[in-house]
Number of protein chains: 2
Amino acid sequence: MTTIYDIAVAAKVSTATVSRVINTPELVSEKTRAKVEEAIEKLHYAPNALARELVTKSTNLIGLLIPDIANSFSPAVVDSFVGEMERNGYNIFVSITDADPEKENKCIDIMLKKRVEGIVLLGTRRMDRLANERIGILARRIPIVAIDYMPGAEGVCCVRCDEILGAFYATEYLIQLGHKRIALLNGNEEYTTYYYKRKGYRQAMEKYGLPVREEYCIATTPYFRGGYEACMQLLSLPEPPTAMFISGDQMAVGAYNAILSSGLKIPDDMSVVGFSGSPLSKAVYPPLSTVSQYARETGSAAAGIMLQKLRGEETKERVVFQPTLVKRASCGPAKQ
Amino acid sequence: MTTIYDIAVAAKVSTATVSRVINTPELVSEKTRAKVEEAIEKLHYAPNALARELVTKSTNLIGLLIPDIANSFSPAVVDSFVGEMERNGYNIFVSITDADPEKENKCIDIMLKKRVEGIVLLGTRRMDRLANERIGILARRIPIVAIDYMPGAEGVCCVRCDEILGAFYATEYLIQLGHKRIALLNGNEEYTTYYYKRKGYRQAMEKYGLPVREEYCIATTPYFRGGYEACMQLLSLPEPPTAMFISGDQMAVGAYNAILSSGLKIPDDMSVVGFSGSPLSKAVYPPLSTVSQYARETGSAAAGIMLQKLRGEETKERVVFQPTLVKRASCGPAKQ
DNA sequence: CTGTTAGCGCATTCAG
DNA sequence: CTGAATGCGCTAACAG
């Protein structure tokens, strides 16, 4: 590996001069600059960022923790976040944690050692306030932005969608269409997203005086298969629901499959509202009503806040996107 | 930021001893180890990886270049690749290149400066041999694994699916069902994936003596919307196709929408085969026949090869997965 | 078992 | 405009 010293020798200058043509070329005379650049070219010199960062104490590195990359929300957030950070000269160090707090902790340790200048936590977390304590403490030393809720670490800046409200809108919409038997097809309610979605669902049901029937509330894995299986279960009930609010677009598509392959029609026999507003929701047939979560906007908002923090500017404590209910053909009035 | 020196002072030992309790604790006496560990704990010491790596010349960093994270293939590959590398003690430095060769080049420069120990290039590339020349040269200095084809850089290890064969299978299947008017709904054919898919399609058509009709071959954006629009265009033809091979599952779902919302039935009025084998293909209704691309296996194969290279072991020049045609309800016999 | 010393590759004073 | 010298935080001989 060629070093700054090799270049200095080849160009017959000091290492300081080489350093200058790289970092402050305007301070170097035309002639020596040319000499040095030639040597750099010839020897394929790539300055060792480790050494550089050791002295400048600036890594331009941001850590990104992703609990789950396979859902319909993460990729879009990651894309917009990474793009925005890169455009501003930062680089990204990622880790996929499978939503495992222990793994997350280890990753954070590594990131701290690598001297990342900020950490972004993407996606839902356990409703475990204690587990988040460390994050809260860490946030006093290094910029941290959480995408989604962060119970128990009040100092951490959160960028998220108001999921209670989103779930409320979705459920209310179904109620207003005349449905009374409305199912909630949810994910694991120990996680923030699903906890809050249940809350919104419940609020809507209660507001309109409808009973929350336990057999209508199912928590399953938030992917296609989970949606399919849970929906099958609902359809086999003696008195099946006439509508369902489903906590994720992937689950909703799985439910579509269950409904359609049971010979039922959407929305005639079953109304469906999803959650996420991913491109998928618009793509399926019939197009899926969904609560739009603004994934890309969330990613760039997180980047914006992170950049502010890195510059030492004051930032908002929290950015909450108001979800929008996108009404599409998957919902219809309740039959009499 | 506390340093090894601070710990040494606090524990009243030398920095060498601190270094030992961190790296080779078995060489330190129980007593001093306890002292040092206490100091580390108390001062929240996290060894500076930059300094460490500068002297050990080992970063455990792998660069991962992702051209497009939004398709149905990348997330699964990334997940399995990253998981496998992390399990083996490596960390990941990512960048999203939007398939822009210039951006890719800049990213590689940064990665080289950061002293990554290997680089993985994910996903399709332009059919531009010259653009890949640099990769080929680089591969002589540092382990490089390309996921997908890599024309023009023969030294680079490639992990990919035989897309020609996959497209051939898909098309042949439709032909054997009696279809003669078979469309190809493809992506931009300047990119390897779509170039080779067209090739496989053509080979099948020619083998069975069917004409390749230009108006049946459309190149569009490989997402839902592209599939929808291209399919609409095909349906409006005076003599529309009776079957289509679609180069990606997302496009296929977009096409589903176009077909179903035009009042046609799948597979009665239109047979469809997709490509990717993503969970999505199984989830939609009717379940989509597709060419399975083994995303997760591809990711872990790439990791496996990278790990071998990092250990200095000999590796295969190329790993080619034989795609499998998964027959589902989206295809039926051609009507007379 | 522990301390001393010498760099790793670079940026940054401070002279000249 | 350029060079010599110093140190960033750490590991790795080498002594003791």
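We name chains A, B, ... by the order of the sequence lines, and we start the count at 1 in each one. Not measured: the values here are computed from a predicted model. Just so it is clear, the values below take in all heavy atoms, side chains as well, and ignore hydrogens, waters and symmetry mates.
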- Gap between atoms CD and P, on A/E53 and C/dT12 respectively (whole Å): 13 Å

- 5' priority, DNA chain D, between A/T15 and A/S29 [closest heavy atom]: A/S29

- Query: Okay, side chain of B/S19, backbone of B/T15: is any donor-acceptor separation there less than 3.5 Å?
  - Reply: no

- Item | Rounded interatomic separation in angstrom, taking CD1 from B/I4 and P from D/dG7 | 18 Å

- Item | B/I108 vs B/R134, side-chain contact (heavy atoms from CB on, under 4.5 Å): CA-CA, chis, key distance, verdict | CA-CA 10 Å; B/I108 290 179; B/R134 183 187 176 197; 3.8 Å; yes

- To the nearest Å, how far apart are B/N48 CG and D/dC10 P? 6 Å

- Query: Taking atom P of C/dT2 as reference, at what distance in whole Å does atom CD of B/E30 sit?
  - Reply: 11 Å

- Query: How is A/V13 classified with respect to the nucleic acid when contacts are heavy atoms under 4.0 Å: base, sugar-phosphate, or nothing?
  - Reply: sugar-phosphate

- Task: In whole angstrom, give the distance that lies between atom CG of A/N23 and atom P of D/dT2.
- Result: 15 Å

- Task: Check every atom of C/dG9, D/dA12, C/dG3 against the side chain of A/A51 and return the nucleotide holding the closest atom.
- Result: C/dG9

- Task: Test B/E84 against B/R87 for salt bridge (Lys or Arg N to Asp or Glu O under 4.0 Å), laying out the working first.
- Result: CA-CA 5 Å; B/E84 185 67 13; B/R87 242 168 277 127; 2.7 Å; yes

- Query: Counting side-chain heavy atoms from C-beta on, which of C/dC10, D/dG9, C/dC8 comes nearest to B/K57?
  - Reply: C/dC8

- Derivation of the side-chain hydrogen bond (donor to acceptor under 3.5 Å, both in side chains) call for A/T192 and A/T124: CA-CA 6 Å; A/T192 51; A/T124 189; 2.8 Å; yes

- Proximity to the side chain of B/V28 - top-ranked nucleotide from C/dT2, D/dG3, D/dT11: C/dT2

- So does B/F321 have more than 12 non-hydrogen atoms from other groups sitting under 6.0 Å from CZ? yes

- Task: In whole angstrom, give the distance that lies between atom CG of B/L54 and atom P of D/dG7.
- Result: 17 Å

- Rounded to whole angstroms, how far apart are CG on A/L50 and P on C/dA11? 12 Å

- Testing C/dG3, D/dG3, C/dG7 for proximity to the side chain of A/S14, the answer is D/dG3

- Query: For A/T3 and C/dC8, is the shortest distance between a side-chain N/O and OP1 or OP2 below 4.0 Å?
  - Reply: no

- Message: C/dC10, OP1 or OP2 - any side-chain N/O from A/T56 closer than 4.0 Å?
- Response: no

- Message: How many whole angstroms separate atom OH of B/Y5 from atom P of D/dC10?
- Response: 13 Å

- Query: Ignoring hydrogens and angles, does a donor from either the side chain of B/R20 or the base of C/dG3 sit under 3.5 Å from an acceptor on the other?
  - Reply: yes

